[in-house]
Engineer: 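Got a structure here, written out as structure tokens. Questions coming.
Residue numbers start from 1 in every chain, and the chains themselves are labelled A, B, ... in the order their sequence lines are given, proteins ahead of strands.
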2 protein chains.
Amino acid sequence: MATKNKRASKASRNTRDREATKTEILDAAVEEFARNGLANARIEAIAANTGVTKAMIYYYFNNKEGLYEAILKRGFNAYMQPLQELSLETLSPTEALEEFVRCLLSILVRNPNWPLIMCYEALQNQGRYYKRIGINNIDAQLIAILERGVADGSFRPLDPRFTANNIIGICVFYFISRDGMQYLFPGKRMLGKQMLQLHVEQAIALILASV
Amino acid sequence: MATKNKRASKASRNTRDREATKTEILDAAVEEFARNGLANARIEAIAANTGVTKAMIYYYFNNKEGLYEAILKRGFNAYMQPLQELSLETLSPTEALEEFVRCLLSILVRNPNWPLIMCYEALQNQGRYYKRIGINNIDAQLIAILERGVADGSFRPLDPRFTANNIIGICVFYFISRDGMQYLFPGKRMLGKQMLQLHVEQAIALILASV
DNA sequence: GTCTATACGAGGATAGAC
DNA sequence: GTCTATCCTCGTATAGAC
């Protein structure tokens, strides 16, 4: 069965170009790094989930670290761009906060592996690889909204930096704890459309009430 | 220097008993498992941080998994007991919530490695070892408080299970993201008394406002 | 009980044929 | 560019002396 998939994948891949092969590797790598983190991810496992051999992965990405940096870079560019394209200055702090959180959550819902990779990155690598890419901007955006809201009195006198971190934690923690939460929702798929929709609603309601 | 510490530790250990040696190993193991998780923790690193040899660790705990289960068990018993000893039934939902969260946070502040171990456990092992111990009770306690508050109208019509998870996420996420947050607080020690005190205040204020 | 030395497997990385 | 075979390092676990 695994062999069959491998062959099928390989056959179709041969008709495609170099970039398609790299994309195929990156997609499988995201899964593997999300499950195991940089230190424990297995190149062989990634190869097994594509039609590509282990040697090919080294050919394209040099080493495990190179592959890891490639998925971080692609993830950051593709996934986080929507946040930076928001124009929040014209909105009230409350509206801006809702808009920002809604956008962040919709990114996470479409890329549920991203929080796991970010979490592993924080724990195993202390955000080493992260900083080379510049994820910091995201906190800065949220902090700015909170500062504006405190200044004009629409939010309570909260600390913007701690609160920004808490808000991101709320959005992200559902994905990290999904396996542990499973026993609270027997028979439900935690990454199914219904549960994700509930998480988004509940998180936004909690965040807007909290400020 | 490392050798000196090792010798000093060893010398003093020899005067103590078997249980003291096991405790010394467990303390070092907590550090190592918090940094690296079960899969990536190194028995040799644990040995290096005690006066105990690698072989001794195997002698006392059989294998890496045995050592891991021992720290989970000890951590759960010693650290989580205060939560179960709370008598919250006589308090109003709001008071009970504050009491519960304050107790949880004071446990985390005294054991800042615990959230990291819990997080690794969720990511790497999908909470496999967890469940053998019975950590589930903690969520159940919090969910009960939230249900009571919704029923008597002191809380908004929130979903108790999602909200319980979000609340725990707020308490825990600070510890997970501490290295990433460092750049927001240059010169501060994220696990210092001052910063931890701020986290506790900010988290409680946010949680109480949010329900 | 405690140490040293080592067997053994896993996995990252490369050499070299095609 | 792609594959197979292999090298080498590292880390778990144990054997066996004391």
Engineer: Who passes side chain to side chain donor-acceptor pair (under 3.5 Å) against B/D179, sequence neighbours left out?
Structural biologist: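 Side chain to side chain donor-acceptor pair (under 3.5 Å) check on B/D179 returns nothing, list empty.
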Engineer: Identify all side-chain donor-acceptor contacts of residues 33-40 of chain B below 3.5 Å with residues at least two apart in sequence or on another chain.
Structural biologist:
from, atom 1, to, atom 2, distance (Å)
B/N36, ND2, B/E32, O, 3.4
B/N36, ND2, B/E32, OE2, 3.0

Engineer: Are A/K54 and A/Y59 in a cation-pi setup, meaning NZ or CZ lies under 6.0 angstrom from the ring centre and within 45 degrees of the ring axis?
Structural biologist: no
Engineer: Enumerate, atom names and distances included, each donor-acceptor pair closer than 3.5 Å involving a side-chain atom of residues 200-210 of chain A, sequence neighbours excluded.
Structural biologist:
from, atom 1, to, atom 2, distance (Å)
A/E201, OE2, A/Q197, NE2, 3.3
A/Q202, OE1, B/D159, N, 3.0
A/S210, OG, A/I207, O, 2.7

Engineer: Go through the structure and list residues passing ring-ring contact (aromatic ring centres under 6.0 Å, His included) with A/Y79, not counting sequence neighbours.
Structural biologist: A/W114
Engineer: I need the CD1-P distance between B/I57 and D/dG11, as an integer number of Å.
Structural biologist: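 It is 14 Å, rounded to the nearest whole Å.
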Engineer: Would you mind reading off the distance between B/F61 atom CZ and D/dT12 atom P, rounded to a whole angstrom?
Structural biologist: 16 Å
Engineer: Listing request: all salt bridge (charged side-chain N to carboxylate O under 4.0 Å, His left out) pairs with a residue in residues 104-129 of chain A, at least two apart in sequence or in separate chains.
Structural biologist: none
Engineer: In terms of side-chain heavy atoms of B/T53, which of D/dT2, C/dT2, C/dC3 is nearest?
Structural biologist: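 When the side chain of B/T53 is considered, C/dC3 is the closest of D/dT2, C/dT2, C/dC3.
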Engineer: Keeping to residues at least two apart or across chains, list the ring pair (Phe, Tyr, Trp, His ring centres under 6.0 Å) pairs with something in residues 180-199 of chain A.
Structural biologist: A/Y174-A/H199, A/F175-A/H199, A/F185-B/F162
Engineer: Do nucleotides 11-18 of chain C as a string where each nucleotide becomes B, S or -: B if the base has a protein heavy atom under 4.0 Å, S if just the sugar-phosphate does, - if no protein is that close.
Structural biologist: SBBB----
Engineer: With sequence neighbours left out, which residue pairs that include part of residues 130-144 of chain B fulfil the salt bridge (charged side-chain N to carboxylate O under 4.0 Å, His left out) condition?
Structural biologist: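 Of all non-adjacent pairs touching residues 130-144 of chain B, those that pass salt bridge (charged side-chain N to carboxylate O under 4.0 Å, His left out) are B/E69-B/R132.
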Engineer: For DNA chain D, which residues in residues 26-35 of chain B have a heavy atom at a distance below 4.0 Å?
Structural biologist: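 DNA chain D contact set from residues 26-35 of chain B: none.
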Engineer: Just how far, in rounded Å, is P of C/dT2 from CE of B/M56?
Structural biologist: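 It works out to 5 Å between those atoms.
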Engineer: From CG of B/L38 over to P of D/dG11, roughly how many Å is that when rounded to an integer?
Structural biologist: 15 Å
Engineer: Just report the end-to-end axis angle for the helix from C/dG1-D/dC18 to C/dC18-D/dG1, five pairs per end, to 10 degrees.
Structural biologist: 10°
Engineer: Nearest-Å distance, CD1 (B/I46) to P (D/dA13)?
Structural biologist: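 So the two atoms are 11 Å apart, to the nearest Å.
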Engineer: Quick check on the 6.0 Å ring-centre criterion: do B/Y68 and B/Y129 meet it?
Structural biologist: yes
Engineer: Quickly work out the A/K22 NZ to D/dG1 C1' distance and round it to whole Å.
Structural biologist: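 After rounding, the reported distance stands at 13 Å.
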Engineer: Ignoring hydrogens and angles, write down the donor-acceptor pairs under 3.5 Å from the side chains of residues 187-196 of chain A, residues two or more places apart or on other chains.
Structural biologist:
from, atom 1, to, atom 2, distance (Å)
A/K188, NZ, A/Q194, OE1, 3.4

Engineer: Looking only at side-chain N and O atoms, does A/Y60 come under 4.0 Å of OP1 or OP2 in D/dG1?
Structural biologist: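 Result: no.
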Engineer: Only counting residues at least two apart or in another chain, list the ones meeting salt bridge (charged side-chain N to carboxylate O under 4.0 Å, His left out) with A/E98.
Structural biologist: A/R102
